[in-house]
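Below: the structure, in structure tokens.
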2 protein chains.
Amino acid sequence: MASLTAGNRRPVRLADIAKAAGVSHGTASNVFSRPEIVREEVRERVKAAAEAMGYGGPDPKGRLLRAGKVNAIGVATAEPLSYFFDDPFARVMMASISQACDATGAGISLVSAANNEQLAWNIQSALVDGFIVFCIEGGSRLVELARERKLPFVALDLDSEDGAVAAIGVDNIAGASLAARHLTDLGHRRFAVLALPFADGRTGLVSPEQVRSATYAGTRDRLTGYLQELSRAGVDTSKVPVYETANDAASTNAALETIFAAKEPPTAILAMSDKIALVTLEWLSARNLNVPNDVSIVGFDGVPESAVSEPPLTTIAQPIAEMGRLAVKAILDSDGRISRQLLPVELTVRASSAPPRG
Amino acid sequence: MASLTAGNRRPVRLADIAKAAGVSHGTASNVFSRPEIVREEVRERVKAAAEAMGYGGPDPKGRLLRAGKVNAIGVATAEPLSYFFDDPFARVMMASISQACDATGAGISLVSAANNEQLAWNIQSALVDGFIVFCIEGGSRLVELARERKLPFVALDLDSEDGAVAAIGVDNIAGASLAARHLTDLGHRRFAVLALPFADGRTGLVSPEQVRSATYAGTRDRLTGYLQELSRAGVDTSKVPVYETANDAASTNAALETIFAAKEPPTAILAMSDKIALVTLEWLSARNLNVPNDVSIVGFDGVPESAVSEPPLTTIAQPIAEMGRLAVKAILDSDGRISRQLLPVELTVRASSAPPRG
DNA sequence: ACATATGTTTGAATCGATCCAAGATGCAGA
DNA sequence: TCTGCATCTTGGATCGATTCAAACATATGT
């Protein structure tokens, strides 16, 4: 009994069962994987032996090596793992990815790491059939690491010029134009831009050359879209402050402090994410500035939270669910070819935008 | 070139590299796993061969078998995978689990399935070092499946009497008492209970014998706590309607329709989850019933959303972060012994509860 | 010149299963 | 009794790596 309960380690393998039941390992294997081809009497005997020895079924580690396919896809990011559950955009994306996985029976492995070295190792040793890479900060490194695994992978929301990586993204330039156009149509002339990072680990006012050397093409494209449309409407874009945030409350609040300390604060804010926009909404409300009467704001992403904020947010809605579905499909049906898809976005007008005062 | 680009499949193994570089597989292996012990000249030669043949590094599948440890923990539920990203309670729990995993460098595998058969297979073949099991509906089956793998596992929020399974839960009876006591102290006498499921796949008004035969001990305990406290305060508990919901909007709304169709509708509602309570808040607001003046309501869970609802929700806060941390610890430091922990909850009073009118 | 120490490389064994061609067994019909 | 045909069962090969004791090579000390 003692040996059963304590069982030092658990070195009970299929082969042990086979020996105990007096059959070959081939037969023992069949008992578990194709029970119908083994004679009932033998089957029962093997099962009994397994039960008696506390065998937990064929170890997937062994099976895996032979089978080749893991039947799981890895979702990777350079953020902490909790990003998947905290960030609104990530959450919606993950929900759609997981629906697609459910439909095909594939599992999901979350891959991330505290530091860069760990990250490399975790990607190299992830047991997956392919990767979906979330390209926020540290995107390029992540893509590089994923590529080295030589497994199918797609980058989400990466507008890299690098044609050698499969990517699913949205038309950032068109989306940003849409946002800016909406505000200029309403009559706004004084703008500020709250941007996502252009490069790693920076925040603050952005200079044109910083924009040119941006690591993140997505951020740059959105800015391009904004500025193109603004200058088309006759706004002097050199006067439009562009603040880089880390897509979090702290850096956004800091940017807002600076922006609204100006002599002529903006009447309209272009935010590159709904998260930034929602933080802005709170900041403004705490300062008794009314949205949309004092300040209009347009977000980007179209996360569910944007529909229930106070006031509900005008935003550029990305087809998040569609992106997730396509990403999973790209991994599972991967034919080795790389494909890049640019999905359309649309303007969702809600209550955070209105004509400027007066 | 053609063979390089197309490369029919990808049967390039470490052994191929070794042969190409003219070294043994032992040495080739060392080049990747302990580069410092192989002479530089050889190391470069092997790396060059790997590069030339498009080798993506040692396949984790192979390594795994030898190493034994996967370095990932599985989180399982009988709900669809998207539950992890949709449900507020699950989200907070996952965030804390993922923080704990990040801290130790472990990965997370999400395990679930569309149907029961798939679920069994997915659990049996999950590549993990242990399981954390979310025990909502279908909990017992899930626990059984996980136990069969003979891996360390903990059940979250399962108040099973089965002492043979490790579990981390909260003191449901005490929590429920706290909620009920708060409302009786405020002077309420007419109550309704919106319950979580007592058994699979049912909703609607619950009879006492249904309660006795409850599959889910957690639900039963919460009800016990409610009713104990109510009768202590002199309320005739046989007159308190108890409605089983599926913890979703549809079944909760249906319950509310019935409850408020009564001649003497309740002045106070005890909801077994914040999700139910939040749905109730919306339903009441749509019917122009004021919370807390017309109806008081107390939730259960203490999810972040409960703090920002309109009005903010009085609720029983579970130490969700602590539970997640403990669960991960239980798996990673598993010493083979099973442990059951019952954590305390606390009443968080916010604006959804007040004395009844008049 | 020889023993000793140090640094590299080798090749067999191992991890835990699945697959499959070939062998064994049992039974019906000639 | 022998052949033919099912129906199991067997044992070796395989999946792709890591590990380790032993072999080998080179340098150091005496």
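First the proteins, then the strands, lettered A, B, ... as listed; each starts at 1. For clarity, every value in this text was computed on a predicted model and none was experimentally measured.
Listed by chain and residue number, B:Glu41 satisfy the side-chain hydrogen bond (donor to acceptor under 3.5 Å, both in side chains) test with B:Arg45 (two or more places apart in sequence, or in another chain). Not a single side-chain hydrogen bond (donor to acceptor under 3.5 Å, both in side chains) links A:Ser29 to another residue, sequence neighbours left out. Applying the ring-ring contact (aromatic ring centres under 6.0 Å, His included) criterion to B:Phe153, with sequence neighbours excluded, gives no partner residue. A search for side-chain hydrogen bond (donor to acceptor under 3.5 Å, both in side chains) contacts involving A:Glu322 returns A:Arg325, not counting sequence neighbours. Qualifying ring-ring contact (aromatic ring centres under 6.0 Å, His included) partners for B:Phe84, counting only residues two or more places apart in sequence or in other chains: B:Phe134. Listed by chain and number, the residues in a ring-ring contact (aromatic ring centres under 6.0 Å, His included) with A:Phe89 amount to none (sequence neighbours excluded). By the side-chain hydrogen bond (donor to acceptor under 3.5 Å, both in side chains) test, A:Ser339 is found to be paired with no residue, residues two or more places apart in sequence or in another chain being considered.
Rounded to whole Å, the distance from CD on A:Glu41 to P on D:dT7 is 18 Å. Rounded to whole Å, the distance from CD1 on A:Ile37 to P on C:dT25 is 18 Å. One can place CG of A:Leu64 at 16 Å from C1' of C:dC19, the figure rounded to the nearest angstrom. When rounded to the nearest whole Å, the span between CD of B:Glu40 and P of C:dT9 equals 12 Å. If you take NZ of A:Lys19 and C1' of D:dG11, they are 15 Å apart, rounded to a whole angstrom. Between A:Ile17 atom CD1 and C:dT18 atom P the separation is 13 Å, expressed in whole Å. Spacing between atom CG of B:Leu65 and atom C1' of C:dT18 amounts to 12 Å, rounded to whole angstrom units.
Taking side-chain N and O atoms only, B:Ser24 has no distance below 4.0 Å to OP1 or OP2 of C:dT9. Contact annotation: B:Arg39 side-chain N/O to C:dT9 OP1/OP2 distance is under 4.0 Å.
Every pair tested for ring-ring contact (aromatic ring centres under 6.0 Å, His included) that includes a residue from residues 93-128 of chain B fails, sequence neighbours excluded, so the list is empty. Sorted by first then second residue, the ring-ring contact (aromatic ring centres under 6.0 Å, His included) pairs that include residues 320-342 of chain B, not counting sequence neighbours, number zero.
The side chain of B:Val42 approaches C:dT9 more closely than any other nucleotide in the set D:dT9, C:dT9, C:dT10.
Remark: nothing in residues 117-126 of chain A comes within less than 4.0 Å of DNA chain D through any heavy atom.
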Task: Sugar-phosphate or base contact per nucleotide [nucleotides 17-27 of chain D; S, B, -; heavy atom under 4.0 Å] - done: BBB--------
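Note on the helix from C:dA1-D:dT30 to C:dA30-D:dT1: terminal axis deviation equals 60°, with five pairs used at each end and the result rounded to 10°.
Here the side chains of A:Ile17 and A:Val31 are not in contact, with every heavy-atom distance at 4.5 Å or above.
The two residues B:Ala76 and B:Ile123 come nearest to each other via the heavy atoms CB-CD1, 4.2 Å.
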